[in-house]
Protein chains: 2
Amino acid sequence: MSKDKERSNCPISCSLDLWGDKWSLIIIRDLMFAKQCTYGDFLKSEEKISTNILASRLKTLEQNKIIEKLEHPNSKSKVLYKLTKKGIDLLPVLIEINLWGGKYFSDIPDKTKTLLKEVKKDKTAFLKRTIKKLADS
Amino acid sequence: MSKDKERSNCPISCSLDLWGDKWSLIIIRDLMFAKQCTYGDFLKSEEKISTNILASRLKTLEQNKIIEKLEHPNSKSKVLYKLTKKGIDLLPVLIEINLWGGKYFSDIPDKTKTLLKEVKKDKTAFLKRTIKKLADS
DNA sequence: AAATTCACTTGCATAATGCAAGTGCTTTAA
DNA sequence: TTAAAGCACTTGCATTATGCAAGTGAATTT
């Protein structure tokens with residue numbers, strides 16, 4: 001993706017330089033909400049990312065300290081991907097995108113509807129709870 | 001950009017299908033915070049979008065009802081671009097990206113620093129005020 | 001010991017992006 | 001009133017990113 005050349009020093013532009021493509025936030029979404037954390041798990045997602053793109057995104061997300069690679073407790077052939085603090089801090093962004101999408105798209109999965117209901121009931125509580133869950137796991 | 005084929009019915013994925021590229025949110029940012037609203041204004045932004053990409057993004061944003069084209073009050077040769085309600089509703093997304101970027105990037109423009117201070121002081125008030133300003137203009 | 005799983009790579013076709021120059025209508029200045 | 005400049009784009013072409021299918025090598029299961 002990006003050759004790490006920032007277009008400006010605007011935080012929005014810089015953020016997009018890191019994860020402003022069609023796939024990075026999908027990976028981050030899976031790590032946040034679907035607890036998918038191995039390479040193979042990401043491939044199973046509905047959006048059907050291709051293997052080379054997945055590998056390249058995981059690499060740049062890792063380089064930018066948004067995710068980290070860990071040893072899998074049960075297997076030497078598996079790799080665990082996890083969000084760092086910096087990655088977990090993207091939760092509010094993902095939530096707001098989810099809310100916007102929930103408002104303007106129909107046919108949203110039931111699982112997502114449930115999640116959005118929780119968020120709408122008490123956003124602060126949801127954030128706190130989810131951050132804790134992600135940090136502890 | 002996208003040929004309007006949704007990858008899944010996840011709201012995050014659908015949202016990214018509409019504006020998940022490197023430029024769309026830059027245009028939306030300009031409309032929200034920099035009051036830039038003509039084709040030429042967008043070209044003046046620091047990030048230096050090229051003319052053909054700008055034209056194509058404006059077209060898809062308009063097709064997706066995120067922005068709209070209006071006649072310029074003073075000139076027949078100019079065009080005014082404005083955020084629709086749907087576009088204005090992206091404000092929370094932009095704010096959260098700004099906050100994340102503000103936390104993880106240095107050398108942020110003074111103008112942005114000021115804005116972020118306002119947001120941090122009272123996010124709800126900032127949102128309300130900005131939405132009103134955008135809707136009225 | 002062979003087959004399978006797993007996390008990737010590689011090669012190649014297709015699509016998106018970026019740059020420079022051009023078009024045609026509108027507005028300004030002489 | 002006419003020439004020059006401004007404006008919102010288009011066009012052509014080179015470069016880069018994406019997407020698909022097949023392959024690789026180490027670890028694990030059978």
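Per chain, numbering begins at 1; letters A, B, ... match sequence-line order.
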**Request:** Please assess Leu31(A) against Phe42(A) for the test side-chain contact (heavy atoms from CB on, under 4.5 Å), listing each intermediate value before the final yes or no.
**Result:** CA-CA 9 Å; Leu31(A) 286 166; Phe42(A) 296 125; 3.7 Å; yes
**Prompt:** Between atom NZ in Lys44(B) and atom C1' in dG6(D), what is the gap in whole Å?
**Reply:** 11 Å
**Complete:** Residues at least two apart in sequence or cross-chain that pass salt bridge (Lys or Arg N to Asp or Glu O under 4.0 Å) with Lys128(B), listed by chain then number, are none
**Asked** Among the clusters formed by ILVMFWY side chains lying less than 4.5 Å apart, do Tyr81(B) and Leu70(B) turn up in the same one?
**Response** no
**Trp100(A)/Lys86(B) under side-chain contact (heavy atoms from CB on, under 4.5 Å): CA gap, chis, key distance, verdict** = CA-CA 9 Å; Trp100(A) 187 85; Lys86(B) 190 175 175 183; 3.7 Å; yes
**Prompt:** CZ of Arg57(A) versus C1' of dT18(D): gap in Å, rounded?
**Reply:** 8 Å
**Asked** How many Å lie between CD1 on Ile49(A) and C1' on dG19(D), as a whole number?
**Response** 11 Å
**Request:** Do nucleotides 6-13 of chain C as a string where each nucleotide becomes B, S or -: B if the base has a protein heavy atom under 4.0 Å, S if just the sugar-phosphate does, - if no protein is that close.
**Result:** SSBBBB--
**Request:** Would you tell me if any nitrogen or oxygen in the side chain of Trp23(A) comes within less than 4.0 Å of OP1 or OP2 on dG19(D)?
**Result:** yes
**Message:** Looking at Thr84(A) and Ile66(A), would you say the former's side chain and the latter's main chain have a donor-acceptor pair under 3.5 Å?
**Reply:** yes
**Request:** Round to a whole Å and report the spacing from CZ of Arg7(B) to C1' of dG19(D).
**Result:** 13 Å
**Request:** In whole angstrom, give the distance that lies between atom CG of Asp17(A) and atom P of dT17(C).
**Result:** 14 Å
**Item:** Value rounded to 0.5 Å, distance of CG in Asp107(A) from NZ in Lys113(A)
**Value:** 7.5 Å
**Message:** Measure CD/Glu47(B) against P/dC19(C) and give the value in whole Å, please.
**Reply:** 13 Å
**Fill in**
Between its two end axes (five pairs each) the helix from dA1(C)-dT30(D) to dA30(C)-dT1(D) turns, nearest 10 degrees, through 20°
**Request:** Determine whether Leu80(A) and Glu68(A) make a side-chain contact, defined as any pair of heavy atoms from C-beta on separated by less than 4.5 Å.
**Result:** no
**Request:** Answer yes or no: is there an ion pair linking Lys44(A) with Asp41(A), defined by an N-O contact shorter than 4.0 Å?
**Result:** yes
**Nearest-angstrom distance from the residue atom CD1 of Ile27(B) to P of dA8(D)** = 14 Å
**Request:** Given side-chain contact (heavy atoms from CB on, under 4.5 Å), test Phe105(A) with Leu18(B) step by step and report yes or no.
**Result:** CA-CA 11 Å; Phe105(A) 297 105; Leu18(B) 296 193; 3.6 Å; yes
**Item:** Pairwise distance CD1(Ile53(A)) to NZ(Lys48(A)) - rounded to 0.5 angstrom
**Value:** 15.5 Å
**Prompt:** Is Ile108(B) isolated, or which residues cluster with it under the ILVMFWY side-chain rule of less than 4.5 Å, directly or via members?
**Reply:** none
All N/O pairs under 3.5 Å across the protein-nucleotides 2-4 of chain C interface:
none

**Asked** Starting at CD1 of Ile53(B) and ending at P of dC9(D), how long is that distance when rounded to a whole Å?
**Response** 15 Å
**Asked** Angle class for the Phe33(A)/Phe126(A) ring planes (parallel below 30°, perpendicular above 60°, tilted otherwise)?
**Response** tilted
**Message:** Using only atom types and a distance under 3.5 Å, with no angle test, would you say the side chain of Ser75(A) pairs donor to acceptor with the backbone of Ser77(A)?
**Reply:** yes
**Complete:** CG (Leu90(A)) and CD1 (Ile28(A)) are apart, to the nearest 0.5 Å, by 5.0 Å
Nucleotide N/O of nucleotides 28-30 of chain C paired with protein N/O under 3.5 Å:
none

